[in-house]
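Hydrogens, waters and symmetry mates play no part in the numbers below; they use all other heavy atoms, side chains included.
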Amino acid sequence: MRDWLLNYRDVYLRALLRGEGRGETNDEGLCGRCTGTTPGHASLRCRDCHGGELLCVECCVILHRANPLHVVEEWTGVYFRKTSLKQIGLRVQFGHMPGETCARPVAGSTEFVVLHDNGIHEVAVDFCRCKHRKIPWYLQLLHGGWYPATTDQPQTCATFACLDLYRSLSVVAKTSAYDFYALLEKMTDETGVKPPRRYQVFLRMARQWRHLGLLLFSGRGHDPTGVFGTASGELAIRCPACPRPGVNLPDGWENAPKEDQCLYILFIALDACFRLKRRAVSSELKDPGLGTGWAYMVEWGPYREYLIGVTDQTEISTCTGLAALDYANTKFSRGYSTTGVGMGVCARHVFVLPNGVGDLQAGERYANMDYILGSLLRHFHRLLRKIISYDIVCQWCKELKDRLSKLPPLVRCNILLAYFRFVIPKLHIKGHKVLCWLLFSLCLVPGSGQTDAEGIERCWASIGGAAASTKVCGPGARADQLDDHWHHWNWTKLINLPTLLRRRLDNAKAELKQQETAFEAFTVEQADRVPAWKAMVDAFEEDGSKNKNPYEVEVEGMTENEVRNALEEAEEREAAAGRPVLHEVGPAAFLVMGLEIEDEQRRIRIQGDLQRTSTAASKINLRSSRRKLDRSIERFRGLQATYSPGALVHLAQLKVRSGTLAENVPLLLPSSLPPARRDQGGCVKGLVEAESALRDAQCRGTLVHLRRHLNVKARFLIYKKYHSRHQKMNTRSRTLIARNESKIGHESEKYQAARRALCALAEGGEAAVRWPRLRKEDIRCMDDAVQLSRRKEKERRAKVGESRREISWIWTLAGTAGVNEEELADALRIEWSKAYARTRRWREEVRTLGEEQRRFPESLKHEAQVWVDRACSVPVADGSITAAEAEGMLAYAMARSDMYTALAMRVEVTRTEPKLRRGQRRPREAVRVVSSWPSEAGQDEDVEGDEDDEALSDEEDLEAIRIMDGDEEDM
């Protein structure tokens with residue numbers, strides 16, 4: 001670039017200026033193409049023809065009979081001025097070959113306008129009315145490559161090249177029709193002089209062109225039943241690697257042994273996108289879809305009638321903080337007839353499924369997602385085993401079978417639950433409860449391989465660019481446009497799937513080797529216990545409802561809520577027996593209030609430490625929290641006078657300053673009082689025992705939360721180490737780690753406070769308390785190496801070998817008193833079970849990928865044969881179509897057949913070529929694909945974004961998940 005700036009910039013500039021003149025022309029200014037004795041005056045040149053040769057008017061007209069939409073310029077004597085071929089006398093004849101004359105030409109409209117890829121042109125056209133050529137005008141235009149806007153006296157056309165260019169820009173670059181038409185206007189005249197306005201007409205032609213493209217691609221032009229014989233979902237591109245009985249599965253697949261059943265599983269992922277809104281404009285009556293229900297969208301009529309009969313649903317999740325269900329009954333639908341779309345894709349390859357997309361009217365309701373699932377399931381064999389992924393599946397799958405059985409007849413499903421398994425995507429599951437991790441984790445589901453089920457999020461990233469243009473469309477135009485966009489998405493996926501499968505298989509084989517080595521070493525170390533652990537895993541997978549979960553930590557004793565409920569039930573029994581009630585708030589509720597205030601004090605103290613250098617807004621929020629805490633303490637003091645009057649006496653002796661911050665005010669629960677003060681009427685009877693029970697439950701529950709936050713911390717640190725680069729990502733990672741550290745500090749302080757209270761309440765002091773002391777060095781991850789720097793890790797290994805490394809007691813304590821051999825065995829059993837599951841998932845992944853590589857070419861060969869059959873069924877001899885039409889149908893069908901055959905060969909080449917070394921580039925395949933609709937998607941390179949298509953990183957944090965789902969309505 002520096003060399004160009006110094007030595008060539010001026011040369012390039014002068015060369016551009018030279019092109020504004022006539023260049024090297026003869027001095028007389030005569031036309032060099034004239035063959036007569038008197039050459040004409042050369043004053044015209046064509047911007048689109050090579051060389052910019054100067055021509056006379058007659059030669060320019062003759063030369064452009066086959067190129068009537070080129071842009072010509074006229075030399076004025078000083079500069080070139082733009083003109084048109086119509087002005088210099090060119091007339092375009094239709095109904096004949098270029099160069100032929102018509103015996104009875106009929107002039108078209110004097111205002112005939114053509115939209116081409118280089119601008120908007122006014123053209124003089126003639127139509128043929130020869131006796132032997134009685135062809136309608138619109139067909140003459142179509143035969144000539146111009147698409148007419150109307151069939152009756154057309155006055156506007158768009159060339160096939162223009163419509164192809166717009167469609168390519170629309171599905172690839174997400175260019176709107178408005179912007180494309182504005183580009184045509186600018187190319188026509190840059191001075192702002194507008195050509196004849198044909199924007200609305202262009203919208204109609206472009207929409208019809210999209211629809212015809214889908215019909216051609218799917219072979220409807222070769223079917224004797226015609227377009228109206230199109231079945232639901234028939235225009236959709238099906239995933240060639242997913243199992244399809246009768247297409248790519250062997251005979252007897254349904255009776256495969258248990259160890260081979262993982263090869264015949266259909267993975268379906270469901271999700272919703274709230275960015276694809278549509279304003280409340282137009283209606284289905286005014287703007288019907290050209291083929292709604294024939295491709296990816298559900299049939300609108302039955303879908304609408306079903307939703308009308310569904311009342312408003314209350315579907316707030318009790319499991320997770322994700323925002324999906326919270327949209328169900330909110331006011332985000334104001335001003336919109338559609339607030340988003342729900343969709344189903346094949347989870348492993350991310351192909352949008354036939355009839356798997358439906359509009360949402362008031363958020364992500366069960367009714368919408370149930371209908372979408374039923375709509376797409378009708379296209380798959382009933383006996384195929386299916387794994388359904390959904391980010392709120394733990395709530396949604398409850399009573400799903402009953403809801404699906406009540407759908408309209410078109411999509412009604414009586415599912416066999418034995419053939420279904422419900423899971424949560426690997427990234428979203430981090431926002432769920434621990435129980436969901438055990439029941440719905442893909443890592444623990446037999447047959448799931450290493451499916452992440454997060455690929456559907458990539459669909460939203462791709463379609464998001466079209467949201468602005470589809471938001472203002474009518475319902476039919478929007479459905480047609482979305483169908484075309486997802487058609488392009490599926491085709492792009494199909495083209496790039498061979499490389500993706502090969503890369504996944506290479507990575508899976510390498511990872512399987514590492515996992516098997518580590519698992520075998522673990523198994524040898526625990527050889528005596530492994531048979532029993534394996535039997536437990538097998539029994540749980542056989543029937544999880546009756547057998548013990550081998551991945552679950554058994555916590556003995558009650559939780560805080562269970563203790564509180566037990567205390568309140570005891571109070572109710574005593575009140576029923578005639579014991580007088582001191583206050584409408586019982587002693588159990590009084591203690592719980594005190595513990596909640598204590599927890600809020602702890603939270604504010606930690607937040608204050610983190611926000612010492614925060615913004616003014618953060619400090620104002622902290623002051624608001626303190627005021628709220630002051631009011632809570634005031635209410636607590638009122639109850640304290642009833643249940644613990646000794647605390648108020650003790651508080652007066654402490655002489656607490658009036659300006660003390662709310663988080664530092666002593667609450668003086670019974671455990672904080674001196675024993676003498678508690679025993680001499682300072683607390684009502686039973687209050688000390690109740691606090692002891694609650695504190696014990698606090699210790700038990702806090703350890704569970706502490707272990708979870710430490711587990712998240714380990715994943716944060718791994719993610720930061722291997723994935724965070726540059727200042728922005730490192731700053732974000734450090735912020736998330738600091739936030740997680742505050743949670744760890746909160747839980748550890750809560751445990752220490754609860755244990756101190758137990759020690760104060762116990763008669764034997766600290767020796768009588770069964771919970772160990774939590775020291776700073778105990779608060780570490782299970783694999784504590786992840787939180788050490790490389791230097792410190794080397795120092796640690798030098799002092800203590802890996803074989804002698806001790807796990808912190810917080811990981812081995814199962815909620816009972818102390819650490820013993822049985823509890824350590826439970827911890828090892830859980831880790832072995834997870835390692836066993838990881839190894840099996842990688843084995844399944846390798847086998848499944850091999851099966852997918854086998855199915856892929858089988859599906860393509862099936863499609864090739866289908867097109868051969870269509871070619872053979874062309875009615876050549878019965879006279880129902882012309883010879884030219886028959887030849888075109890044969891040519892298109894055989895081109896499609898050859899294309900699928902070439903794709904199948906590419907799959908075989910990609911599958912069998914040797915694995916590349918790190919950093920080595922794969923050569924471009926020798927097998928080329930025959931160009932076919934949609935041609936812009938048929939490229940050999942990987943689609944941008946598929947580099948990370950193996951699996952989304954499990955190291956993503958809980959907060960990021962919540963932010964992502966909370967912002968979905970803006971995506």
Side-chain angles (χ1 to χ4, degrees), residues 258-259 261-263 265-269 319-320 347-348 385-397 417-454 508 511-512 515-516 518-519 522-523 530 532-555 704 707-708 711-712 714-715 782 811 826-848 950-956 958 961:
K258 185 176 181 180
E259 60 272 14
Q261 290 177 0
C262 66
L263 304 179
I265 295 178
L266 178 66
F267 295 83
I268 298 175
C319 165
T320 167
R348 287 186 61 84
R385 288 173 173 80
K386 302 171 184 70
I387 292 181
I388 309 294
S389 167
Y390 191 18
D391 52 11
I392 54 173
V393 79
C394 54
Q395 305 291 317
W396 173 72
C397 69
L417 289 179
Y419 289 86
F420 280 76
R421 187 67 186 265
F422 300 98
V423 297
I424 299 173
K426 287 185 176 180
L427 179 61
H428 286 78
I429 200 171
K430 297 298 180 183
H432 288 250
K433 293 182 178 180
V434 176
L435 181 61
C436 295
W437 296 10
L438 300 174
L439 298 179
F440 302 104
S441 174
L442 277 159
C443 299
L444 306 180
V445 174
S448 62
Q450 289 299 323
T451 308
D452 62 10
E454 295 286 1
E511 185 63 29
L512 174 61
Q515 292 291 337
E516 286 183 333
F519 176 68
F522 195 174
T523 302
V530 165
W533 293 344
K534 186 177 183 302
M536 185 183 298
V537 173
D538 294 340
F540 176 74
E541 291 180 354
E542 185 69 27
D543 191 349
S545 60
K546 298 180 180 178
N547 298 296
K548 179 181 177 181
N549 191 330
Y551 311 103
E552 185 176 7
V553 178
E554 292 186 348
V555 179
V704 174
R707 284 194 290 263
R708 188 180 73 177
N711 189 28
V712 172
R715 296 190 176 275
M782 177 174 284
W811 296 101
D826 284 342
L828 292 173
R829 181 253 302 166
I830 294 171
E831 290 305 311
W832 183 89
S833 300
K834 291 180 178 179
Y836 182 41
R838 281 195 302 270
T839 305
R840 287 191 297 156
R841 297 297 86 79
W842 281 110
R843 289 173 185 163
E844 293 165 356
E845 181 72 6
V846 171
R847 294 195 63 196
T848 301
E950 311 306 327
L952 289 184
S953 176
D954 285 346
E955 293 79 12
E956 290 290 350
L958 175 61
I961 298 169

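Salt bridge absent: Glu844 and Arg847 never bring a charged side-chain N and a carboxylate O closer than 4.0 Å. Look at Arg348 and Glu845 and you find a salt bridge, because one of the NZ, NE, NH1 or NH2 atoms lies within 4.0 Å of a carboxylate O, short of that distance. With salt bridges taken as basic N to acidic carboxylate O contacts below 4.0 Å, one links Lys258 and Glu542. Using a cutoff of 4.0 Å between basic side-chain nitrogens and carboxylate oxygens, Glu516 and Arg840 are not scored as salt-bridged.
Gly447 and Cys262 get closest at one heavy-atom pair: CA-CB, 3.6 Å. Considering all non-hydrogen atoms of both residues, Tyr551 and Val537 come closest at OH-CG1, 3.9 Å. Contact detail for Phe522 and Glu831: the closest heavy-atom pair is CE1-C, 3.8 Å. For Ala453 against Ala347, the heavy-atom pair with the smallest separation is CA-CB, 4.2 Å. Minimum heavy-atom separation, Ser389 to Pro425: OG-CG, 3.2 Å.
With Ser441 contributing its side chain and Leu438 its backbone, the two residues share no donor-acceptor pair below 3.5 Å. Ser448 contributes a side-chain N or O that, together with a main-chain N or O of Leu442, makes up a donor-acceptor pair within less than 3.5 Å.
In this structure, Ile387 CD1 and Ile268 CD1 are separated by 10.5 Å, a value rounded to the nearest 0.5 Å. Between the CG atom of Asn549 and the OG atom of Ser833 there is a distance of 9.0 Å, given to the nearest 0.5 Å. To the nearest 0.5 Å, the span separating NZ on Lys548 from CZ on Phe540 amounts to 12.0 Å. Separation of atoms SG (Cys436) and CD (Gln395) is listed at 7.0 Å; rounding is to 0.5 Å. We find the NZ-CG distance between Lys834 and Leu444 to be 8.0 Å, quoted to the nearest 0.5 Å. Within the model, atoms CG of Asp391 and CH2 of Trp396 stand 10.5 Å from one another, a figure rounded to the nearest 0.5 Å.
In this structure Phe519 satisfies the side-chain contact (heavy atoms from CB on, under 4.5 Å) test together with Thr523, Trp832, Ala835, Tyr836, Thr839, sequence neighbours excluded. Residues forming a side-chain hydrogen bond (donor to acceptor under 3.5 Å, both in side chains) with Arg421 (at least two apart in sequence, or on another chain): none.
Between Arg843 and Leu512, the closest side-chain pair of non-hydrogen atoms falls below 4.5 Å. The shortest side-chain heavy-atom distance between Arg841 and Gln515 does not fall under the 4.5 Å cut-off. Residues Cys397 and Phe440 meet the side-chain proximity criterion, which asks for heavy atoms closer than 4.5 Å. Proximity of Leu439 to Cys394: side-chain heavy atoms (C-beta onward) are nowhere separated by under 4.5 Å. Between Lys386 and Phe267 the shortest side-chain heavy-atom distance does not fall below 4.5 Å.
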- Item | Verdict with supporting geometry, Glu511 and Gln450, side chain to side chain contact (heavy atoms under 4.5 Å, CB included) | CA-CA 11 Å; Glu511 185 63 29; Gln450 289 299 323; over 6 Å; no
